[in-house]
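I have placed the structure first, in the form of C-alpha cells, so that the comments after it can refer back to it.
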Amino acid sequence: MSELNNQNEEVISNERFDTYPASKRKDRLFVIDRMRCKGCSICVSVCPYDALFMSKKKSTNGFIYPIENGACKACKKCLYACPDFALSIHKVEEVNK
Amino acid sequence: MTIDFTKLHHNFETSLTSKMLPTIWCSGCSLGSNLQSIIRGAKQAGYDFDHDIVMISGIGCTGRASGYVNIDGFHTTHGRALPFATGVKNGNPDLEVIVFSGDGDLFAIGGNHFIHTARRGTDMTVICNNNSTYGLTGGQASATSFEDTVTPTTIGKNDKPFNLVDLALGAGATFVARYTTAQYNTLPRVIAQAMRHDGFAFIDLVSGCPAIYGKRNGYPTGEYMIKNFKEASVEIDTSDPSYLLSENTAIEFDRKVGYTKIPIGIFRSSTMEGKF
Ligand SMILES: Cc1ncc(C[n+]2csc(CCOP(=O)(O)OP(=O)(O)O)c2C)c(N)n1
Ligand code: SF4
Ligand code: SF4
Ligand code: SF4
Ligand SMILES: [Mg+2]
C-alpha cells in the first residue's frame with residue numbers, strides 16, 4: 001500500500017507498519033508499528049519539530065496512533081520516549097528492496 | 001521505492017524478546033521507556049548481552065521487565081530481588097548484575113535487603129522504577145507514595161514518603177543518582193556510569209503510574225506525566241555541599257498537579273570521593 005501525504009511524499013504501509021521518508025535529505029525512514037502502539041501521544045508531545053499528530057482512526061488493536069506530517073528530522077527523541085517500542089528510524093538504503 | 005517490511009524492526013529489537021510484545025503495561029506507563037534507557041545504557045557501557053550481564057527483578061509491573069529484555073535474568077519472588085542478585089554476584093563475580101524493580105518491591109517488603117546490600121557494598125546496579133505505588137495490585141500506598149495523596153489503603157492522608165536518595169546515601173551506596181523517565185537523553189550515560197561503578201550503585205528512577213496512582217493524584221496520562229517530569233526536574237548544584245541536605249534532595253508533590261519539584265543529578269559517585 002502506498003499513498004502521498006500532504007508534503008507529496010510517498011507513505012508506504014502494510015498491515016503492521018506505516019513508513020515515512022524522514023530527515024533533511026530524506027535518506028531516513030520513520031516507521032510506526034501500529035501493532036505495538038497504545039495511543040498514549042507521548043511521541044507527539046516530545047517531538048521538537050511538531051512532526052507528529054494522532055490519527056482519528058483506530059488501529060486493529062483499538063488505539064489511535066501517530067501520523068508523520070513531513071517535518072520529521074529523524075532525531076529519535078520520540079523513539080526513546082515511546083513506552084511501547086513502536087517507533088523506529090532506519091536508513092533507507094538498509095531497508096530498500 | 002519498495003520496502004522490505006521484515007527489516008523494519010525496532011532499533012533495539014535484538015535486545016528485546018519480540019514474541020512477548022506488546023507489553024502488558026498500560027498506555028503511557030513509564031516502564032517501556034525506562035527499559036529502553038537501560039538497554040541503551042548497557043549498550044553504551046559496552047556489555048555483550050549474551051555473556052556479560054544479568055537482569056534481576058522482583059514482583060510488580062516493573063518485575064515484568066526482565067521478561068521483555070533479551071538478557072538472562074531472574075523474575076524472583078516479591079521483595080527478594082537483592083538476595084537473588086547477591087547470590088548471582090557471589091556465584092559469578094564476572095557478571096554485571098542489574099536489578100530493575102519497583103518501589104514496593106525494593107523499599108517496602110524488600111527494604112531490609114536494600115539497606116544491607118548497600119551497606120555491604122555488593123557490586124551491582126540497582127535501578128528503582130519509583131512510581132510511588134503498588135501498580136500491579138491496584139495502586140495501594142507504597143513507601144514512596146506522597147503525603148495527602150489518595151490510595152485504596154490510606155484514609156485521607158498518606159504518611160511521609162521515603163526519600164530514596166537520602167536513604168541510599170545513608171545506607172552507604174557509593175553511587176547514587178536520580179533522574180526521571182523524561183530524561184531519556186541523559187539516562188543511558190548515567191546508567192552506563194552506574195554499571196561501570198565498582199560497588200553498590202543506585203538510581204532512583206522517578207517514574208509514573210498514570211493509569212492508577214496518577215489518575216487519582218494529579219497526572220492522569222502519560223503525556224501529562226512526561227511534561228510534568230520535565231517541568232518539575234531541577235538539576236542539583238554539587239558545588240554547594242548543602243545539596244545533600246534531606247530537604248534539598250526531597251521530591252515535592254501536589255495531589256492536584258502532580259510533581260512540583262524533583263531534584264535530579266548524580267548525588268554521589270567515585271569521582272566525587274573526599275567530598276563526604
Ligand atoms: C510475598 C508477597 N506479598 C505480596 C504480594 C502482592 N504484590 C504483588 S506486586 C506488589 C507490589 C508491587 O509494587 P512495586 O514493587 O512498586 O511494583 P509496580 O507494580 O509499582 O511496578 C504486591 C504487594 C506478592 N506477590 N507476594
Ligand atoms: S509514544 Fe509510542 S505508544 Fe505512544 S502514541 Fe506514540 S507510538 Fe504510540
Ligand atoms: S524522530 Fe524526531 S523529528 Fe522525527 S518524529 Fe520523532 S521526535 Fe519528531
Ligand atoms: S498499573 Fe501503573 S505501573 Fe502498572 S503498567 Fe499500568 S501504569 Fe504502569
Ligand atoms: Mg511501584
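Convention: sequence-line order gives letters A, B, ...; per-chain numbering from 1. Source: prediction; values computed, not measured.
Heavy-atom neighbours of A:Arg16 CZ from other residues, nucleotides or ligands within 6.0 Å: above the threshold of 12. Remark: A:Lys91 NZ is loosely packed, at most 12 non-hydrogen atoms of other residues, nucleotides or ligands lying under 6.0 Å away.
Chosen from A:Asp84, A:Asn61, A:Val46, the residue pairing most often with chain B at heavy-atom distances under 4.5 Å is A:Val46. Each of A:Ser41, A:Gly39, A:Cys82 has some count of heavy-atom pairs under 4.5 Å with chain B, and the biggest count is that of A:Ser41. By number of non-hydrogen pairs under 4.5 angstrom with chain B, the leading residue of A:Thr19, A:Val44, A:Leu79 is A:Leu79.
The OG atom of B:Ser27 sits 7.5 Å away from atom CD1 of A:Ile42, with the distance rounded to the nearest 0.5 Å. Atoms CD1 and CG, on B:Ile3 and A:Asn14 in that order, are 9.5 Å from each other to the nearest 0.5 Å. Between A:Ile12 atom CD1 and B:Leu8 atom CG the span is 10.0 Å, to the nearest 0.5 Å.
Residues B:His10 and A:Arg36 share a closest heavy-atom pair of CB-NH1, 4.0 Å. Heavy atoms only, all atoms of each residue included: A:Leu87 and B:Asn11 are closest at O-OD1, 4.4 Å.
Side-chain atoms of A:His90 come within 3.5 Å of backbone N or O of B:His9 as a donor-acceptor pair. One N or O on the side chain of A:Lys38 and one on the backbone of B:Thr23 form a donor-acceptor pair closer than 3.5 Å.
Heavy atoms of B:Leu16 lying under 4.5 Å from chain A belong exclusively to its side chain. Interface remark: B:Tyr68 contributes no atoms to any contact with chain A (heavy atom separation under 4.5 Å). Heavy-atom distances place the side chain of A:Lys76, and not its backbone, under 4.5 Å from chain B.
Against chain A, the residues from residues 222-231 of chain B that qualify, each with a non-hydrogen atom under 4.5 angstrom away, are B:Gly222, B:Glu223, B:Ile226, B:Lys227, B:Lys230 in number order. Identified by a heavy-atom distance below 4.5 Å to chain A, the contributing residues of residues 30-62 of chain B are B:Gly32, B:Ser33, B:Leu35, B:Gln36, B:Arg40, in residue-number order. Residue-level contacts of residues 23-33 of chain A with chain B, in order of numbering, are A:Leu29, A:Val31; threshold 4.5 Å between heavy atoms.
Residues forming a salt bridge (Lys or Arg N to Asp or Glu O under 4.0 Å) with A:Glu10 (at least two apart in sequence, or on another chain): none.
Below 30°, between 30° and 60°, or above 60°: for B:Phe5 and A:Phe17 the angle between ring planes is below 30°, a parallel geometry.
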